[in-house]
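Letters A, B, ... are given to chains in the order of the sequence lines, protein chains preceding strands, and every chain is numbered from 1.
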There are 2 protein chains.
Amino acid sequence: MRLVIARCSVDYVGRLTAHLPMALRLLLVKADGSVSVHADDRAYKPLNWMSPPCSTRETYPDGAGGGGHWTVTNKAGEQLLITIEEILHDSRHDLGVDPGLRKDGVEAHLQELLAEQIGTLGDGYRLVRREYPTAIGPVDILCRDAAGLTVAVEIKRRGEIDGVEQLTRYLELLNRDPLLTPVRGVFAAQAITPQARVLAADRGISCVTLDYDALRGVDDPSSRLF
Amino acid sequence: MRLVIARCSVDYVGRLTAHLPMALRLLLVKADGSVSVHADDRAYKPLNWMSPPCSTRETYPDGAGGGGHWTVTNKAGEQLLITIEEILHDSRHDLGVDPGLRKDGVEAHLQELLAEQIGTLGDGYRLVRREYPTAIGPVDILCRDAAGLTVAVEIKRRGEIDGVEQLTRYLELLNRDPLLTPVRGVFAAQAITPQARVLAADRGISCVTLDYDALRGVDDPSSRLF
DNA sequence: CCGTAAATGTCGTCG
DNA sequence: CGACGACGTTTACGG
């Protein structure tokens, strides 16, 4: 990883054109060749960047002390042009390969847990399958209730209006299948906004709030007392 | 801006829980107090971060040379806990305020171009107006076809399912206006996904792919030969 | 590699 | 402050 603090201007020509006037910024060059330009605010987003794979050509017409140009190019022909007036800091550091991030609490995990414990939705529920395919995308969970009627479940971490819309589209399609219809909808999330509840009720979709810790608790062997 | 290269492990507890095992990484502390943790790959996204506003508490129990803890907290109570084993580099740089990015547009430009060249949609089409107002927001373009029937156009750079939903809502409203009904829908984008096409067809909405260069070419004076 | 959905999305704007 | 839509979205996952 190379860290450069420099007075520079930046031009990006690619999916759009963008320009940064001359100012002091951090140039971050990573081991994969990627380049990002950071201002002194906003944690997440660089002002400008080039994602890997890409390559950089550096030129310093007036020698090592003077200004220079970096031209960063990728396969698609997108370009990041960095014009450097002055370099205030330039250091390199070998970090090695990162062991990577372990996440807990995402939607995929919720889906796994609910599929394993489909009885959470009601007694006698049986799983048909996860990621049940339709022409407009997979339904999170398809199952049958105690009466044998089909139920489509959409799972979100946060239940908002667009999730209800998504489930509505699936239900419309699924209900055209004579082998499945009538298909009922269940909207399951850790938290559901009032707006989403109103829309769901209007569409005849029932809402279920999921207790992540409870679902995980039943599943996690380490939490069992016996 | 403060740049720290350190052997560290990181735990995030907030909207989810995440853990990074001990490894060499870049810690980037910006003037707004934000903190991000970068590995030596990927230009855009840090491994972990805390967005501003947030505050950091640093403790070094064994003195300046030894390991330490950074606890970064925000208003919502989310926490980023950084355990530092060793610091290899630590520098501060005053960058000042950035003049900011100038972008040269995408979707707005597409809309202008298509409005100017509404005949792209078919012979005899006439523009009624851009940004035609409705109760739930403006329709990108309203026009009439050769037969004088009303057509609502939704324009996206990338045509996906959300765009079809948006246009559907507009059509529902517009068709309640006795002066306009029947209103037909056209979904126009540089590229349209298969599932968006399926949904559009299902809703009786036609799809048009836009050639940005061709639209611009007709418009751009610099490309004219005479 | 393409298509689709999730994201600690982030970041504007507008009510 | 919350909802909505755009983003050079980026990123992960499945066929």
Side-chain angles (χ1 to χ4, degrees), chain A residues 10-18 34 36-37 41-52 54 74 76-80 100-101 103-111 130-131 133-140 154-158 160-163 165-166 169-170 193-196, chain B residues 10-19 34 36-37 41-52 54 72 74 76-80 100-101 103-108 110-111 135-138 140 154-163 165-166 169 189 191-199:
Chain A
V10 183
D11 286 277
Y12 165 75
V13 181
R15 278 166 282 184
L16 55 70
T17 26
S34 66
S36 55
V37 181
D41 60 354
R42 274 162 295 180
Y44 193 84
K45 205 183 166 181
L47 288 167
N48 240 321
W49 69 95
M50 185 69 76
S51 298
C54 61
N74 70 3
E78 297 173 69
Q79 274 198 335
L80 195 64
L101 189 67
K103 287 184 183 181
D104 199 5
V106 288
E107 184 190 315
H109 198 196
L110 271 179
Q111 193 194 108
R130 282 171 47 196
E131 302 286 347
T134 78
I136 56 168
V139 179
D140 284 342
E154 175 66 32
I155 301 168
K156 295 282 180 207
R157 202 164 52 74
R158 295 182 189 178
E160 296 175 18
I161 263 180
D162 59 343
E165 293 286 9
Q166 198 179 337
R169 289 195 298 270
Y170 291 140
T193 65
Q195 284 191 333
Chain B
V10 183
D11 287 277
Y12 167 75
V13 181
R15 280 165 281 184
L16 56 68
T17 39
H19 174 74
S34 65
S36 54
V37 182
D41 61 356
R42 272 161 299 181
Y44 193 81
K45 205 181 169 182
L47 287 167
N48 238 321
W49 69 94
M50 184 69 77
S51 297
C54 61
V72 190
N74 70 2
E78 296 173 66
Q79 274 200 337
L80 194 64
L101 189 67
K103 285 183 187 181
D104 198 4
V106 203
E107 186 188 315
L110 269 181
Q111 193 193 110
I136 57 168
D140 285 342
E154 174 66 33
I155 299 169
K156 296 283 180 207
R157 203 168 56 73
R158 294 184 184 180
E160 296 177 18
I161 223 162
D162 285 2
E165 292 286 12
Q166 200 178 334
R169 290 195 295 270
I192 301 179
T193 64
Q195 67 163 3
R197 285 181 193 278
V198 168
L199 187 63

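- Comparing atom distances between the R169(B) side chain and each of dG5(D), dA3(D), dA6(C) picks out dG5(D) as nearest.
- Side-chain contact between Y44(B) and P46(A): present, with at least one pair of heavy atoms (C-beta onward) separated by less than 4.5 Å.
- The side chain of K45(A) places no N or O atom within less than 4.0 Å of a non-bridging phosphate oxygen (OP1 or OP2) of dC7(D).
- Per the geometry, CD1 belonging to I155(B) stands 16 Å off P belonging to dG5(D), to the nearest Å.
- Here the shortest heavy-atom pairing between G163(A) and E154(A) reads O-CG, 3.9 Å.
- Taking the side chain of P138(A) as heavy atoms from C-beta on, and the options dT10(D), dA5(C), dT8(C), the nearest nucleotide is dA5(C).
- Heavy-atom minimum distance, E78(B) versus G14(B): CG-CA, 3.7 Å.
- Here the C1' atom of nucleotide dC7(D) and the CZ atom of R15(A) are 10 Å apart, to the nearest Å.
- Atom CD of E78(A) is separated from atom P of dC7(D) by 15 Å (rounded to the nearest Å).
- Mapping A18(B) and T193(B) onto DNA chain C by nearest heavy atom places T193(B) closer to the 5' end of the strand.
- In this structure, L101(B) reaches neither bases nor backbone, as no heavy-atom distance under 4.0 Å exists between it and the strands shown.
- Remark on DNA chain C: of its neighbouring residues L80(B) and I161(B), the 5'-side contact belongs to I161(B), judged by nearest-heavy-atom nucleotide.
- In this structure, the nucleotide among dG8(D), dG3(C), dA6(C) sitting nearest to the side chain of M50(A) is dG8(D).
- OP1 or OP2 of dA5(C) lies within a sub-4.0 Å distance of a side-chain N or O belonging to Y170(A).
- Residue G14(A) is classed as having no contact, given no heavy-atom separation below 4.0 Å to the nucleic acid.
- Distances were taken from every side-chain heavy atom of Q166(B) (C-beta onward) to each of dG5(D), dC7(D), dC11(C); the shortest belongs to dG5(D).
- Between I161(B) and Q166(A), every side-chain heavy-atom pair lies at or beyond the 4.5 Å cut-off.
- One interatomic measurement links the two molecules: CZ of R158(B) to C1' of dC2(C), which rounds to 12 Å at whole-angstrom precision.
- Using a 4.5 Å heavy-atom cutoff, the side chains of E107(A) and D140(A) are in contact.
- Remark: R130(A) CZ to I155(A) CD1 distance equals 8.5 Å, nearest 0.5 Å.
- Counting all heavy atoms, side chain and backbone alike, R42(B) lies closest to S34(A) at C-OG, 3.9 Å.
- Dashed line: the shortest gap from a side-chain N or O of R197(B) to OP1 or OP2 of dG3(C) is not under 4.0 Å.
- Distance E160(A) CD to dA5(C) P: 17 Å, rounded to the nearest Å.
- Residue-level contact check: N48(A) touches the bases, meaning some heavy atom is under 4.0 Å from a base atom.
- Computed from coordinates, the D11(A) CG to dG8(D) P distance equals 16 Å when rounded to whole Å.
- The side chain of Q195(A) lies closest to dA3(D), out of dT10(C), dA3(D), dG8(D).
- In this structure, of dG8(D), dG9(C), dC11(C), it is dC11(C) that holds the atom nearest to the side chain of R42(A).
- Just one of T17(A), L47(A), L80(A) meets the side-chain contact (heavy atoms from CB on, under 4.5 Å) condition when paired with Y12(A); it is L80(A).
- Paired runs in DNA chain D that reach 3 or more consecutive Watson-Crick or G-U pairs, where each pair keeps both distances under 3.5 Å, cover C:1-7 with D:9-15, C:9-15 with D:1-7.
- Each of A43(B) and E131(A) was matched to the nucleotide of DNA chain D holding its nearest heavy atom; the match closer to the 5' end belongs to A43(B).
- dT10(C) and dA12(D) are spaced 16 Å apart, taking the P atom of each and rounding to whole Å.
- As a whole-Å value, the separation of W49(B) CH2 from dT10(D) P is 15 Å.
- A stacked arrangement is not assigned to Y44(A) and the six-membered base ring of dT10(C), the conditions of a centre distance below 5.5 Å and an interplanar angle below 30° not being jointly met.
- For S51(B), taking side-chain heavy atoms from C-beta onward, the closest of the listed nucleotides dG9(C), dT10(C), dC7(D) is dT10(C).
- Across dC14(C) and dG8(D), the matching C1' atoms stand 25 Å from one another, rounded to whole Å.
- In this structure the side chain of H109(A) never reaches within 4.5 angstrom of the side chain of K103(A), judged on heavy atoms.
- As rounded to the nearest Å, dT8(C) and dT4(C) have P atoms that lie 22 Å from one another.
- Taking atom CD of E154(B) as the reference point, atom C1' of dG5(D) lies 10 Å away to the nearest angstrom.
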